[in-house]
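Notes follow once the structure below has been shown.
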2 protein chains.
Amino acid sequence: MTSTERETATEMRPTRQRTAVARALDSFTDFRSAQEIHALLGQRGEKVGLATVYRTLQRMAESGDVDALRTEDGEALWRRCSATHHHHLVCRSCGAAVEVEGPAVERWTRTIAEEHGFAEVSHTLEIFGSCRDCTSASAAGS
Amino acid sequence: MTSTERETATEMRPTRQRTAVARALDSFTDFRSAQEIHALLGQRGEKVGLATVYRTLQRMAESGDVDALRTEDGEALWRRCSATHHHHLVCRSCGAAVEVEGPAVERWTRTIAEEHGFAEVSHTLEIFGSCRDCTSASAAGS
DNA sequence: ACCCGCAGTGAGAACGATTGTCAAAACTCC
DNA sequence: GGAGTTTTGACAATCGTTCTCACTGCGGGT
Ligand SMILES: [Zn+2]
Ligand SMILES: [Zn+2]
Ligand SMILES: [Zn+2]
Ligand SMILES: [Zn+2]
């Protein structure tokens with residue numbers, strides 16, 4: 001512990017790498033994997049180590065700057081999101097996402113949990129589907 | 001195609017291994033990982049390869065005999081569940097699970113998806129928390 | 001009972017996303 | 001400028017899961 005011992009809250013230095021990741025996140029609206037984001041940075045000539053991309057995304061997720069979700073096969077996807085609690089409607093094939101809110105659902109989960117004596121409750125809720133573009137694209141293919 | 005060409009639906013042979021996995025699933029009600037189930041079988045003296053456990057669980061999940069969910073760090077957990085669509089209230093530390101249903105939520109997700117032109121919609125919804133037992137156990141520890 | 005053919009199995013290799021390591025580089029503050 | 005941290009990145013290591021492929025064994029005709 002430092003002698004100062006003050007509120008060491010979350011002193012996050014604004015390094016070149018971190019701002020690069022932040023800018024990358026601002027450049028797209030769909031959900032992408034850490035590796036895809038790392039590749040994107042590479043294409044732009046921004047050299048950032050893969051581990052750093054992972055670390056930065058995690059930090060930003062903790063501070064609520066980005067949302068993370070897991071595909072059905074377990075891969076983590078990331079996206080810059082609004083700070084308020086919400087869920088997503090995500091396209092399975094292109095990753096396009098829409099933020100959705102459902103106060104009723106929030107209430108319902110809390111109630112259910114209480115009824116069963118569960119504490120420290122959290123929840124995950126994602127809606128997956130095929131967005132309009134992808135649906136018509138695949139229809140054309142038949 | 002066989003000459004008979006009858007409904008070859010999902011001809012799944014009832015092998016020793018498959019019944020062993022099925023029985024193992026019947027012996028607990030919490031969510032467990034494939035590896036844990038494999039270990040459980042080992043303890044019972046039932047020799048079943050890990051790959052077979054994975055394959056069997058997947059098959060059973062497809063046919064709706066078991067439910068799978070992913071922990072927050074991406075690991076798949078399995079549990080024998082009732083056949084009707086439902087969600088879970090799961091304890092983060094011991095895996096204890098309660099099946100819950102929310103017709104309103106089902107309706108809501110479908111509506112939201114339609115509004116945004118998404119097709120082939122599915123959704124995931126799990127509620128995580130600390131069950132009564134685990135909560136009091138950790139409280140005792142302080 | 002005997003054969004055949006193919007679904008099923010298992011040991012181990014391979015995979016792929018993520019995390020750990022640790023010395024070098026970059027920052028902050030003095 | 002220098003001390004003390006934090007951050008970085010190349011690479012190794014993890015770890016859950018899937019793949020490979022030779023081998024096993026059920027099933028169903030004969
Ligand atoms: Zn799409
Ligand atoms: Zn919510
Ligand atoms: Zn518990
Ligand atoms: Zn549902």
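Below, read A as the first sequence line, B as the second, and so on, with proteins coming before strands; counting in each chain starts at 1.
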From the candidates C:dA26, C:dG12, D:dG16, the one with an atom nearest any side-chain atom of A:Arg13 is C:dA26
Tell me the interatomic distance from B:His38, atom NE2, to D:dT17, atom P, rounded to whole angstroms.
13 Å
Please report whether the ring centroid of A:His87 lies less than 6.0 Å from that of B:His123.
no
Between B:Arg55 and B:Glu75, who's closer to the 5' end of DNA chain D by nearest nucleotide?
B:Glu75
Whole-Å distance between C:dA17 P and A:Leu77 CG?
11 Å
Centroid separation B:His88 to B:Phe128 less than 6.0 Å:
no
In whole angstroms, how far is the P atom of C:dA17 from the CZ atom of A:Phe31?
18 Å
Euclidean distance, atom CG of residue B:Leu57 to atom P of D:dG16 [Å, nearest integer]
15 Å
Residue-phosphate contact under 4.0 Å: B:Arg18 side-chain N/O, C:dT9 OP1/OP2
yes
Quick one: do the B:Arg18 and B:Thr52 side chains pair a donor with an acceptor below 3.5 Å?
no
Taking the nucleotide of DNA chain D with the nearest heavy atom to each, does B:Pro14 or B:Trp78 sit closer to the 5' end?
B:Trp78
Separation of C:dG16 C1' from A:Glu36 CD (nearest whole Å)
14 Å
Answer with base, sugar-phosphate or nothing: what part of the nucleic acid does A:Gln58 contact at a heavy-atom distance below 4.0 Å?
sugar-phosphate
Ignoring backbone atoms, establish whether A:Thr52 has a side-chain N or O less than 4.0 Å from OP1 or OP2 of D:dG9.
yes
Under 4.0 angstrom between B:Gln17 side-chain N/O and C:dG10 OP1 or OP2
yes
Would B:Ser27 and B:Arg44 count as having a side-chain donor-acceptor pair, cut-off 3.5 Å?
yes
Strictly below 4.0 Å: does A:Arg59 bring a side-chain N or O up to OP1 or OP2 of D:dT7?
yes
Any B:Tyr54 side-chain nitrogen or oxygen under 4.0 Å from OP1 or OP2 of D:dT17
yes
Give a yes/no answer on whether the side chain of A:Arg16 brings an N or O atom under 4.0 Å of OP1 or OP2 in D:dG9.
yes
From CZ of B:Arg70 across to P of D:dG16 the rounded distance in Å is 12 Å
Under a 3.5 Å cutoff, is there a donor and acceptor pairing between the side chains of B:His85 and B:Glu106?
yes
D:dT8, OP1 or OP2 - any side-chain N/O from A:Thr15 closer than 4.0 Å?
yes
Length of the CG-P vector between B:Leu50 and D:dT20, whole Å:
17 Å
Per B:Ala51 side chain, nearest of listed nucleotides C:dT18, D:dC19, D:dG9:
D:dC19
